[in-house]
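Below is one structure, written out as C-alpha coordinates; comments come after it.
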Amino acid sequence: MNSRFGWFGSCWLSVKNRQFDSGIALVVLVMLGCGSAPIDPTLTTTIPPTTAITLREALPFPIGAAVNPNLITGTVAYRQVASKEFNSITSENHLKMGNVHPAQDRYDWTGSDVLLNFAEQNKQRMHGHVLIWHQSLPAWVTNFQGDSLAWEAMFKTHIQTVIAHYKDRLASFDVVNEAFADDGTLRPSIWLTHLGPDYIARAFQYAHAANPGVKLFYNEYGHEYSTKRLAATVALAADFKRRGIPIDGLGLQMHTNIGQTNANIENAIRQTAATGLLVHVSELDVRVNQAKVAGYVLTAADAQLQRQKFASIVRAYRTLVPAAQQHGITTWNLGDGDSWIPSFCSCQDFPLPFDKLYAKKPAYDGILDGLK
Ligand code: XIL
(Lines give C-alpha, C1' and ligand atoms only; values in the text may rest on other atoms or scores of the structure.)
Protein backbone atom coordinates (compact mmCIF):
# COMPACT_ATOMS: atom_id res chain seq x y z
CA MET A 1 0.00 0.00 0.00
CA ASN A 2 1.34 3.39 -0.95
CA SER A 3 1.15 5.40 2.28
CA ARG A 4 0.98 8.78 0.49
CA PHE A 5 -2.64 8.18 -0.56
CA GLY A 6 -4.04 6.42 2.46
CA TRP A 7 -5.65 3.01 2.60
CA PHE A 8 -7.09 3.03 -0.86
CA GLY A 9 -4.77 5.38 -2.67
CA SER A 10 -2.51 3.03 -4.55
CA CYS A 11 -5.25 0.66 -5.56
CA TRP A 12 -7.12 2.96 -7.94
CA LEU A 13 -5.68 2.41 -11.37
CA SER A 14 -8.07 4.40 -13.46
CA VAL A 15 -11.23 6.38 -13.33
CA LYS A 16 -13.31 6.43 -16.44
CA ASN A 17 -16.43 8.21 -17.54
CA ARG A 18 -18.45 5.72 -19.48
CA GLN A 19 -21.67 6.37 -21.41
CA PHE A 20 -24.24 3.63 -20.93
CA ASP A 21 -27.19 2.78 -23.18
CA SER A 22 -29.62 4.36 -20.79
CA GLY A 23 -27.82 7.63 -21.28
CA ILE A 24 -26.31 7.89 -17.86
CA ALA A 25 -22.69 8.78 -17.38
CA LEU A 26 -21.37 6.72 -14.50
CA VAL A 27 -18.03 7.17 -12.89
CA VAL A 28 -16.50 3.77 -13.11
CA LEU A 29 -13.70 3.09 -10.74
CA VAL A 30 -11.57 0.24 -11.88
CA MET A 31 -9.49 -1.29 -9.16
CA LEU A 32 -6.89 -3.62 -10.42
CA GLY A 33 -5.03 -4.60 -7.29
CA CYS A 34 -2.41 -2.71 -5.33
CA GLY A 35 0.64 -1.88 -7.36
CA SER A 36 3.68 -0.02 -6.22
CA ALA A 37 3.68 2.62 -9.01
CA PRO A 38 2.90 6.20 -7.83
CA ILE A 39 -0.60 7.36 -8.69
CA ASP A 40 -1.72 10.81 -9.76
CA PRO A 41 -3.39 12.18 -6.60
CA THR A 42 -5.92 14.20 -8.66
CA LEU A 43 -7.60 10.93 -9.54
CA THR A 44 -8.79 10.56 -6.00
CA THR A 45 -9.69 14.20 -5.47
CA THR A 46 -11.81 14.79 -8.61
CA ILE A 47 -14.33 12.00 -8.09
CA PRO A 48 -17.68 13.80 -7.85
CA PRO A 49 -19.95 13.03 -4.93
CA THR A 50 -22.24 10.14 -5.76
CA THR A 51 -25.75 11.25 -6.61
CA ALA A 52 -28.72 8.90 -6.60
CA ILE A 53 -29.55 7.42 -9.95
CA THR A 54 -32.95 8.47 -11.32
CA LEU A 55 -35.57 6.20 -12.85
CA ARG A 56 -35.08 7.64 -16.33
CA GLU A 57 -31.37 6.94 -16.07
CA ALA A 58 -31.73 3.47 -14.63
CA LEU A 59 -34.50 1.87 -16.63
CA PRO A 60 -33.80 0.20 -19.96
CA PHE A 61 -37.24 1.20 -21.29
CA PRO A 62 -39.22 4.46 -21.15
CA ILE A 63 -40.56 5.26 -17.69
CA GLY A 64 -43.51 7.61 -17.60
CA ALA A 65 -45.99 9.36 -15.39
CA ALA A 66 -49.42 10.78 -16.04
CA VAL A 67 -49.28 14.45 -15.19
CA ASN A 68 -51.54 17.37 -14.66
CA PRO A 69 -50.80 20.84 -16.11
CA ASN A 70 -51.94 22.73 -13.01
CA LEU A 71 -49.42 20.87 -10.86
CA ILE A 72 -46.69 21.20 -13.48
CA THR A 73 -47.23 24.96 -13.50
CA GLY A 74 -47.95 25.50 -9.83
CA THR A 75 -45.95 23.03 -7.74
CA VAL A 76 -42.17 23.20 -7.87
CA ALA A 77 -41.49 19.76 -6.31
CA TYR A 78 -43.96 18.12 -8.71
CA ARG A 79 -42.30 19.74 -11.69
CA GLN A 80 -38.85 18.71 -10.49
CA VAL A 81 -39.77 15.09 -9.89
CA ALA A 82 -41.65 14.87 -13.20
CA SER A 83 -38.66 16.14 -15.18
CA LYS A 84 -35.89 14.44 -13.25
CA GLU A 85 -37.31 10.96 -12.86
CA PHE A 86 -39.32 10.34 -16.03
CA ASN A 87 -38.62 10.36 -19.74
CA SER A 88 -42.21 9.94 -20.85
CA ILE A 89 -45.38 11.73 -19.80
CA THR A 90 -49.05 11.11 -20.40
CA SER A 91 -51.75 13.74 -20.10
CA GLU A 92 -53.89 12.44 -17.26
CA ASN A 93 -57.01 14.34 -18.28
CA HIS A 94 -56.37 17.16 -20.72
CA LEU A 95 -56.64 15.30 -24.01
CA LYS A 96 -59.90 13.66 -22.99
CA MET A 97 -62.85 14.79 -25.05
CA GLY A 98 -64.51 16.64 -22.18
CA ASN A 99 -61.47 18.88 -21.79
CA VAL A 100 -59.99 19.22 -25.26
CA HIS A 101 -63.25 19.46 -27.22
CA PRO A 102 -65.70 21.37 -24.99
CA ALA A 103 -68.00 22.49 -27.81
CA GLN A 104 -68.59 20.99 -31.23
CA ASP A 105 -66.84 23.87 -32.97
CA ARG A 106 -64.21 24.57 -30.30
CA TYR A 107 -61.08 22.79 -29.13
CA ASP A 108 -59.13 23.84 -26.05
CA TRP A 109 -55.43 22.98 -26.22
CA THR A 110 -54.41 24.96 -23.14
CA GLY A 111 -53.70 22.03 -20.82
CA SER A 112 -52.10 19.77 -23.40
CA ASP A 113 -49.91 22.67 -24.64
CA VAL A 114 -48.51 23.10 -21.11
CA LEU A 115 -47.70 19.39 -20.95
CA LEU A 116 -46.21 19.13 -24.41
CA ASN A 117 -44.00 22.18 -23.91
CA PHE A 118 -42.83 20.72 -20.61
CA ALA A 119 -42.11 17.36 -22.26
CA GLU A 120 -40.10 18.97 -25.04
CA GLN A 121 -38.09 21.11 -22.62
CA ASN A 122 -37.19 17.99 -20.65
CA LYS A 123 -36.53 15.70 -23.60
CA GLN A 124 -39.51 13.53 -22.75
CA ARG A 125 -41.79 11.57 -24.99
CA MET A 126 -45.49 12.42 -24.67
CA HIS A 127 -48.23 9.82 -24.92
CA GLY A 128 -51.73 11.08 -25.76
CA HIS A 129 -54.64 9.84 -23.68
CA VAL A 130 -57.34 9.40 -25.04
CA LEU A 131 -59.42 9.84 -28.19
CA ILE A 132 -62.49 7.64 -27.68
CA TRP A 133 -63.79 6.69 -24.23
CA HIS A 134 -67.23 6.26 -22.68
CA GLN A 135 -66.34 8.79 -19.96
CA SER A 136 -65.31 12.45 -20.02
CA LEU A 137 -67.91 13.19 -22.67
CA PRO A 138 -68.84 16.85 -23.11
CA ALA A 139 -72.54 17.69 -22.91
CA TRP A 140 -72.67 18.49 -26.62
CA VAL A 141 -71.79 14.84 -27.35
CA THR A 142 -74.18 13.27 -24.85
CA ASN A 143 -76.91 15.53 -26.27
CA PHE A 144 -75.85 15.06 -29.88
CA GLN A 145 -78.75 14.61 -32.31
CA GLY A 146 -78.17 13.18 -35.73
CA ASP A 147 -78.41 10.12 -37.92
CA SER A 148 -75.65 7.52 -38.19
CA LEU A 149 -73.84 9.57 -40.82
CA ALA A 150 -73.78 12.63 -38.58
CA TRP A 151 -72.48 10.55 -35.66
CA GLU A 152 -69.80 9.03 -37.86
CA ALA A 153 -68.71 12.45 -39.09
CA MET A 154 -68.55 13.83 -35.54
CA PHE A 155 -66.54 10.82 -34.33
CA LYS A 156 -64.12 10.98 -37.25
CA THR A 157 -63.64 14.75 -37.00
CA HIS A 158 -62.80 14.55 -33.29
CA ILE A 159 -60.23 11.78 -33.79
CA GLN A 160 -58.57 13.36 -36.78
CA THR A 161 -58.48 16.88 -35.39
CA VAL A 162 -56.79 15.82 -32.15
CA ILE A 163 -54.34 13.45 -33.86
CA ALA A 164 -53.41 15.98 -36.54
CA HIS A 165 -53.15 18.99 -34.23
CA TYR A 166 -49.77 18.14 -32.75
CA LYS A 167 -48.45 16.44 -35.88
CA ASP A 168 -45.47 14.31 -34.84
CA ARG A 169 -44.90 16.01 -31.49
CA LEU A 170 -46.88 13.27 -29.75
CA ALA A 171 -45.27 9.86 -30.09
CA SER A 172 -48.29 7.72 -29.42
CA PHE A 173 -51.98 7.81 -28.60
CA ASP A 174 -54.58 5.72 -26.83
CA VAL A 175 -57.16 5.63 -29.62
CA VAL A 176 -59.88 3.71 -27.77
CA ASN A 177 -60.09 3.13 -24.04
CA GLU A 178 -62.05 0.55 -22.04
CA ALA A 179 -64.36 -0.73 -24.79
CA PHE A 180 -64.91 -4.11 -23.12
CA ALA A 181 -67.01 -5.13 -20.14
CA ASP A 182 -65.77 -7.60 -17.52
CA ASP A 183 -67.42 -10.50 -19.36
CA GLY A 184 -65.44 -9.67 -22.51
CA THR A 185 -68.42 -8.35 -24.50
CA LEU A 186 -68.48 -4.82 -25.84
CA ARG A 187 -69.32 -2.31 -23.14
CA PRO A 188 -72.60 -0.48 -23.73
CA SER A 189 -71.69 3.11 -24.59
CA ILE A 190 -72.82 6.05 -26.62
CA TRP A 191 -70.30 5.03 -29.28
CA LEU A 192 -71.50 1.44 -29.54
CA THR A 193 -75.12 2.59 -29.69
CA HIS A 194 -74.66 5.11 -32.47
CA LEU A 195 -71.75 3.68 -34.45
CA GLY A 196 -72.13 -0.10 -34.13
CA PRO A 197 -69.66 -2.75 -32.97
CA ASP A 198 -66.95 -1.99 -35.50
CA TYR A 199 -66.42 1.56 -34.22
CA ILE A 200 -63.13 0.53 -32.57
CA ALA A 201 -61.57 -0.53 -35.86
CA ARG A 202 -62.79 2.61 -37.62
CA ALA A 203 -61.33 4.80 -34.87
CA PHE A 204 -57.92 3.29 -35.60
CA GLN A 205 -58.33 3.72 -39.35
CA TYR A 206 -59.29 7.38 -38.95
CA ALA A 207 -56.39 8.01 -36.57
CA HIS A 208 -53.91 6.34 -38.89
CA ALA A 209 -55.17 8.34 -41.87
CA ALA A 210 -54.69 11.59 -39.94
CA ASN A 211 -51.07 10.78 -39.04
CA PRO A 212 -49.50 7.45 -40.00
CA GLY A 213 -46.41 8.30 -37.91
CA VAL A 214 -48.11 8.20 -34.52
CA LYS A 215 -48.18 4.87 -32.66
CA LEU A 216 -51.75 3.80 -31.97
CA PHE A 217 -52.81 1.92 -28.82
CA TYR A 218 -55.88 0.14 -27.56
CA ASN A 219 -55.97 0.77 -23.78
CA GLU A 220 -57.85 -1.40 -21.29
CA TYR A 221 -57.93 -2.35 -17.60
CA GLY A 222 -58.35 -5.56 -15.64
CA HIS A 223 -56.18 -7.91 -17.70
CA GLU A 224 -54.65 -9.19 -14.46
CA TYR A 225 -57.97 -10.15 -12.85
CA SER A 226 -60.46 -10.68 -15.67
CA THR A 227 -59.46 -13.50 -18.00
CA LYS A 228 -62.41 -12.62 -20.24
CA ARG A 229 -61.30 -9.03 -20.62
CA LEU A 230 -57.76 -10.19 -21.33
CA ALA A 231 -59.02 -12.68 -23.92
CA ALA A 232 -61.18 -10.01 -25.55
CA THR A 233 -58.20 -7.66 -25.86
CA VAL A 234 -55.95 -10.35 -27.31
CA ALA A 235 -58.73 -11.35 -29.74
CA LEU A 236 -59.11 -7.71 -30.82
CA ALA A 237 -55.40 -7.58 -31.66
CA ALA A 238 -55.64 -10.81 -33.68
CA ASP A 239 -58.75 -9.61 -35.51
CA PHE A 240 -57.09 -6.28 -36.37
CA LYS A 241 -54.03 -8.09 -37.66
CA ARG A 242 -56.14 -10.38 -39.85
CA ARG A 243 -58.11 -7.45 -41.28
CA GLY A 244 -55.15 -5.11 -41.67
CA ILE A 245 -56.51 -2.53 -39.21
CA PRO A 246 -53.60 -0.29 -38.14
CA ILE A 247 -52.71 -0.82 -34.49
CA ASP A 248 -49.28 -0.57 -32.88
CA GLY A 249 -49.78 -1.47 -29.26
CA LEU A 250 -51.87 -2.51 -26.30
CA GLY A 251 -52.06 -0.59 -23.04
CA LEU A 252 -52.50 -2.49 -19.78
CA GLN A 253 -53.67 0.09 -17.28
CA MET A 254 -52.61 -2.06 -14.30
CA HIS A 255 -54.52 -0.26 -11.55
CA THR A 256 -53.64 -3.01 -9.14
CA ASN A 257 -53.04 -3.73 -5.47
CA ILE A 258 -50.64 -5.51 -3.14
CA GLY A 259 -52.94 -8.54 -2.99
CA GLN A 260 -52.81 -9.26 -6.71
CA THR A 261 -50.77 -12.37 -7.51
CA ASN A 262 -47.62 -12.20 -9.55
CA ALA A 263 -48.92 -15.14 -11.57
CA ASN A 264 -51.96 -13.12 -12.71
CA ILE A 265 -49.83 -10.10 -13.55
CA GLU A 266 -47.34 -12.24 -15.47
CA ASN A 267 -50.12 -14.00 -17.36
CA ALA A 268 -51.57 -10.64 -18.46
CA ILE A 269 -48.19 -9.35 -19.60
CA ARG A 270 -47.17 -12.60 -21.29
CA GLN A 271 -50.39 -12.92 -23.29
CA THR A 272 -50.29 -9.29 -24.32
CA ALA A 273 -46.68 -9.61 -25.47
CA ALA A 274 -47.59 -12.72 -27.47
CA THR A 275 -49.69 -10.52 -29.79
CA GLY A 276 -46.41 -9.11 -31.12
CA LEU A 277 -47.65 -5.56 -30.52
CA LEU A 278 -46.00 -2.91 -28.36
CA VAL A 279 -46.90 -3.31 -24.69
CA HIS A 280 -47.47 -0.26 -22.49
CA VAL A 281 -48.17 -0.63 -18.77
CA SER A 282 -50.06 2.58 -19.10
CA GLU A 283 -51.62 3.61 -15.76
CA LEU A 284 -49.78 1.79 -13.01
CA ASP A 285 -50.70 2.26 -9.37
CA VAL A 286 -50.64 -0.27 -6.52
CA ARG A 287 -53.27 0.12 -3.81
CA VAL A 288 -52.46 -0.88 -0.26
CA ASN A 289 -55.84 -0.36 1.41
CA GLN A 290 -57.95 -2.66 -0.71
CA ALA A 291 -60.16 -3.38 2.32
CA LYS A 292 -60.97 0.38 2.52
CA VAL A 293 -60.18 0.54 6.23
CA ALA A 294 -61.40 3.91 7.50
CA GLY A 295 -58.58 6.22 8.58
CA TYR A 296 -55.94 3.87 7.16
CA VAL A 297 -52.36 5.15 7.23
CA LEU A 298 -49.55 3.49 5.30
CA THR A 299 -47.71 1.04 7.55
CA ALA A 300 -44.06 0.08 7.10
CA ALA A 301 -45.13 -3.50 6.40
CA ASP A 302 -47.58 -2.49 3.66
CA ALA A 303 -45.01 -0.12 2.17
CA GLN A 304 -42.68 -3.12 1.80
CA LEU A 305 -45.41 -5.24 0.20
CA GLN A 306 -46.02 -2.37 -2.19
CA ARG A 307 -42.33 -2.19 -2.95
CA GLN A 308 -42.34 -5.90 -3.78
CA LYS A 309 -45.36 -5.53 -6.06
CA PHE A 310 -43.77 -2.67 -8.00
CA ALA A 311 -40.63 -4.80 -8.31
CA SER A 312 -42.60 -7.81 -9.55
CA ILE A 313 -44.38 -5.75 -12.19
CA VAL A 314 -41.16 -4.19 -13.47
CA ARG A 315 -39.43 -7.58 -13.47
CA ALA A 316 -42.31 -9.25 -15.32
CA TYR A 317 -42.35 -6.47 -17.90
CA ARG A 318 -38.60 -6.56 -18.41
CA THR A 319 -38.37 -10.32 -18.70
CA LEU A 320 -41.62 -11.19 -20.52
CA VAL A 321 -41.84 -8.38 -23.07
CA PRO A 322 -39.20 -8.50 -25.80
CA ALA A 323 -37.15 -5.29 -25.83
CA ALA A 324 -38.49 -4.24 -29.25
CA GLN A 325 -42.06 -4.35 -27.85
CA GLN A 326 -41.36 -2.35 -24.68
CA HIS A 327 -43.21 0.94 -25.01
CA GLY A 328 -42.62 1.51 -21.31
CA ILE A 329 -44.25 1.68 -17.92
CA THR A 330 -46.27 4.73 -16.87
CA THR A 331 -47.46 5.42 -13.33
CA TRP A 332 -50.81 7.15 -12.97
CA ASN A 333 -49.52 10.45 -11.55
CA LEU A 334 -46.56 11.04 -9.20
CA GLY A 335 -47.36 11.46 -5.54
CA ASP A 336 -49.96 9.84 -3.31
CA GLY A 337 -51.65 13.20 -2.90
CA ASP A 338 -52.22 13.45 -6.67
CA SER A 339 -53.67 9.99 -7.21
CA TRP A 340 -57.18 9.50 -8.55
CA ILE A 341 -57.62 6.42 -6.30
CA PRO A 342 -58.90 8.05 -3.07
CA SER A 343 -61.72 9.82 -4.88
CA PHE A 344 -62.43 6.74 -7.01
CA CYS A 345 -62.72 4.35 -4.05
CA SER A 346 -63.81 6.91 -1.43
CA CYS A 347 -61.06 5.62 0.80
CA GLN A 348 -57.57 6.41 2.04
CA ASP A 349 -54.82 4.98 -0.12
CA PHE A 350 -51.19 5.53 -1.02
CA PRO A 351 -50.76 3.90 -4.42
CA LEU A 352 -47.80 5.72 -6.00
CA PRO A 353 -43.96 5.72 -5.77
CA PHE A 354 -43.77 9.19 -4.14
CA ASP A 355 -45.53 10.44 -1.04
CA LYS A 356 -47.64 13.56 -0.99
CA LEU A 357 -44.56 15.74 -0.47
CA TYR A 358 -42.78 13.96 -3.37
CA ALA A 359 -40.32 12.06 -1.21
CA LYS A 360 -39.40 8.64 -2.57
CA LYS A 361 -41.28 5.76 -0.95
CA PRO A 362 -40.12 2.14 -0.74
CA ALA A 363 -42.26 1.65 -3.87
CA TYR A 364 -39.76 3.81 -5.74
CA ASP A 365 -36.97 1.43 -4.75
CA GLY A 366 -39.23 -1.40 -5.85
CA ILE A 367 -39.11 -0.08 -9.42
CA LEU A 368 -35.30 -0.27 -9.26
CA ASP A 369 -35.45 -3.68 -7.55
CA GLY A 370 -37.26 -4.95 -10.63
CA LEU A 371 -34.08 -4.49 -12.63
CA LYS A 372 -32.23 -7.06 -10.60
C1 XIL B 1 -58.97 9.29 -14.28
C2 XIL B 1 -58.17 10.48 -13.78
O3 XIL B 1 -57.04 10.02 -13.12
C4 XIL B 1 -59.03 11.33 -12.88
O5 XIL B 1 -58.34 12.53 -12.51
C6 XIL B 1 -60.34 11.69 -13.57
O7 XIL B 1 -61.17 12.39 -12.69
C8 XIL B 1 -61.04 10.46 -14.06
O9 XIL B 1 -60.16 9.70 -14.90
N10 XIL B 1 -58.76 4.71 -16.49
C11 XIL B 1 -58.37 5.65 -17.40
C12 XIL B 1 -58.03 7.01 -16.96
O13 XIL B 1 -58.17 5.32 -18.58
O14 XIL B 1 -58.35 7.98 -17.92
C15 XIL B 1 -58.71 7.37 -15.66
O16 XIL B 1 -58.20 8.61 -15.23
C17 XIL B 1 -58.47 6.29 -14.64
C18 XIL B 1 -59.02 4.97 -15.10
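These figures come from a predicted structure and were not determined experimentally. Both ligands and their constituent atoms are indexed starting at 1 by order of listing.
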State the atoms of ligand 1, each with its element, that fall below the 4.0 Å cut-off from a heavy-atom position in [X].
X      : result
His255 : 18 (C)
Gln253 : 10 (N), 11 (C), 13 (O), 18 (C)
Trp340 : 3 (O), 4 (C), 17 (C), 18 (C)
Glu178 : 10 (N), 11 (C), 13 (O), 18 (C)
Asn177 : 11 (C), 13 (O)

Closest approach of any protein heavy atom to atom 5 (O) of ligand 1, naming residue and atom: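 Its nearest protein heavy-atom neighbour is Asn93 ND2, 2.9 Å.
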Taking the minimum heavy-atom distance to atom 9 (O) of ligand 1, which of Lys96, Glu220, His129 ranks first?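 Nearest option to atom 9 (O) of ligand 1, by heavy atoms: Lys96.
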Contact with ligand 1 for [X], non-hydrogen, under 4.0 angstrom:
X      : result
Phe344 : no
Tyr221 : no
Gln135 : no

Assess the side chains of Asn262 and Lys309: does a donor N or O sit below 3.5 Å from an acceptor N or O?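 On atom types as modelled, these side chains qualify, holding a pair under 3.5 Å.
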Can Gln80 and Tyr358 be counted as having a side-chain donor-acceptor contact under 3.5 angstrom?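 The answer is no; no qualifying pair exists.
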Using only atom types and a distance under 3.5 Å, with no angle test, would you say the side chain of Arg202 pairs donor to acceptor with the backbone of Leu195?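 It does hold such a pair.
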Keeping the roles fixed (side chain from His101, backbone from Gln104), state whether a donor-acceptor pair exists under 3.5 Å.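 Confirmed, His101 side chain pairs with Gln104 backbone.
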Using distance alone, decide if ligand 1 has a nitrogen or oxygen within less than 3.5 Å of any nitrogen or oxygen in Glu92.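 Such a contact does occur with ligand 1.
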When only distance counts, is Glu283 in polar contact with ligand 1, meaning an N/O pair under 3.5 Å?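 Yes, there is a polar N/O contact under 3.5 Å.
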In Å and rounded to the nearest 0.5 Å, what is the CD1 to OG distance from Ile258 to Ser312?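 These two atoms lie 12.0 Å from each other.
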Smallest separation among heavy atoms of Leu192 and Arg187, with atom names: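 The pair with the smallest heavy-atom distance is CD2-O, 3.5 Å.
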Look at Asp182 together with Lys228 and state whether they make a salt bridge at an N to O cut-off of under 4.0 Å.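 No.
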Before we go on, tell me: are the rings of His127 and Phe217 under 6.0 Å apart, centre to centre?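 Centroid distance His127-Phe217: below 6.0 Å, so yes.
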